[in-house]
Amino acid sequence: MGDGRVGDGGVGGRIEQLRGLRVWRAGLDAEELALLADLSAAVGDDRGLAEELTPVLRVSTREVERRIAEGRSLTRRMPRLLASMRAGELGAHGARRVLTVVDPLDDDAARQVDGLLADKLVEAPETAWQPGNLAQRARRLVEKVDPGGHTHRARRARAERRVELTPGEHAMSTLEASLPAEVAAACYSRVDGMARSLRRGGEQRTLEQLRADVTADLILGRDVGVTAPEAAAMVYLHVPMDTALTMSDEGCELDGYGPIPAPIAREIMTNARSTWRAVLCDPGTGEPVDLGRTRRRPSAVIRDLVRVRDRECVMPWCHRPARHCDHDHQHPWAVAGGTAGAGGGSTSVANGGPRCRRHHRLKDQPGWNTRYNPTHGITRVTTPHGATYTSRREPVLTPTRRAPARDTQAHHAQARGTQARHGQAPGAPAGRRTAPAKTARGTTDPKRQNDDNPPF
């Protein structure tokens, strides 16, 4: 690119230069992987080839072996993904995320996923190429192409659960536990909740330090000094009624993770040690409309339903689970120098969305324009230097019929009443049966209307 990589075009121009570097690097990644695949076919001994290339590529032998396998997989099984790399859309890290998802499939199934993924990405927003988003799309396509193998893959992965200790630098090490998704989510929620409780109690350690220290105390059996909050280990499990009754094996979602096999979902439901929450979904839209609950505070109900509906921070490239995010008023309840309600925004499900603390603060930073439409689940983000990114929320469950004409809570409540009179099931509960739940509403208590504290 010559000597003038950083020109005089201002910050916006330099960002465009970074975009060009990304395209250039992605093309080089593609050529390296394709060349490794050619060498593998010519030599026929991947282990010996990896040893020979270790000093050439100046990475570990294990990393060389991994790249050789990825090159073979891309050239034989995922040629359109390789073409995307050559076009500069995707680097080696993103390709590795997708290859990890499709690795258990046979060659024909992998090629099907490759074609479907490429077709979906033709008109997808730019943020769809972010590795986490791309892996999520690939995960759903793998389930679609090979639904019968979903349970087998999950059981095999669960059988390989483990704990690893990796020595680090500066007298530090990393302790990593590979656990079933719902167990890992519940563990993190509990640790995070206890850390936040300690922080509110006056602890001067950062949240990151507290999470690490709480984890160590729990494992070593030491007194943490605080009890876990009520919802500290709660996991939302979305299961249609027919799947819960073993009449179907479709539509199961674990919040903060994605689709899981129906047999695994039913095992979570029936496990006495599981912590999960019933969710009612509109069969027309696939979206949650109410929760099984015993709590009465409207503000808590609103926060819970928003978390279940959106599942993650609403920023297009952020996958922090909603249960670890702040509840954000899209239209503010109060404005500077004004009074409650002056911002025009009510405390309601239709005006709420989850934002992680980082992106909650970023929303009000100069130059950032982040708009979220809670009803349609559309996020539009404009950066200080003019780039705009758009994403759309995926339904919790796949809709089974045409969506209702009106998308309001009152309409859902009326529909449930009509169905109840005709003896029809009002929605798709995930988990245990609950009494008919009232539609979430705002509260007239000003203290509760402006209750925007973090979830813990």
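FYI, the numbering just counts along the sequence from 1. Computed over heavy atoms, backbone and side chain alike; hydrogens, waters and symmetry mates excluded.
- A 4.5 Å side-chain heavy-atom check between Pro374 and Arg309 finds at least one atom pair inside the cut-off.
- Put simply, the side chain of Arg155 never gets that close to the backbone of His152: no donor and acceptor are under 3.5 Å apart.
- Of the N and O atoms on the side chains of Asn133 and His319, at least one donor lies less than 3.5 Å from an acceptor on the other residue.
- For the residue pair Tyr372 and Asp328, no side-chain donor N or O sits within less than 3.5 Å of a side-chain acceptor on the partner.
- Atom CZ of Arg380 has 12 or fewer heavy atoms from other residues, nucleotides or ligands within 6.0 Å.
- Each of Arg307, Arg320, Arg355, Glu312 was evaluated against Cys325; a single residue qualifies, Arg320, per the side-chain contact (heavy atoms from CB on, under 4.5 Å) test.
- A donor and an acceptor atom, one from each side chain of Thr61 and Thr54, are located under 3.5 Å apart.
- Here Arg139 does not pair with Glu143 in a salt bridge; the nearest charged N to carboxylate O distance is not below 4.0 Å.
- Val314 places a side-chain heavy atom less than 4.5 Å from the side chain of Pro354.
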Should Glu51 and Arg47 be marked as a salt bridge (charged side-chain N to carboxylate O under 4.0 Å, His left out) after you check the CA-CA gap, both sets of side-chain angles, and the distance that decides it?
CA-CA 6 Å; Glu51 293 291 346; Arg47 181 169 295 182; over 6 Å; no

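- The one candidate from Val98, Val102, Leu116 that meets the side-chain contact (heavy atoms from CB on, under 4.5 Å) condition with Leu141 is Leu116.
- Annotation: the span from Leu117 atom CG to Arg140 atom CZ amounts to 13.0 Å, rounded to 0.5 Å.
- Taking 4.5 Å as the limit, some side-chain heavy atom of Leu134 sits within range of a side-chain heavy atom of Leu121.
- Distance check, rounded to the nearest 0.5 Å: CZ of Arg19 to CD of Glu16 gives 4.5 Å.
- The pair Asp114-Arg77 does not count as a salt bridge, with every side-chain nitrogen at least 4.0 angstrom from each carboxylate oxygen.
- Side-chain contact between Pro321 and Tyr188 is absent, with no heavy atoms from C-beta onward closer than 4.5 Å.
- A salt bridge links Asp192 with Arg196: the closest approach of a Lys/Arg side-chain nitrogen to an acidic carboxylate oxygen falls below 4.0 angstrom.
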Worked verdict on Arg66 versus Glu63 for salt bridge (charged side-chain N to carboxylate O under 4.0 Å, His left out):
CA-CA 5 Å; Arg66 187 180 292 120; Glu63 173 64 16; 2.7 Å; yes

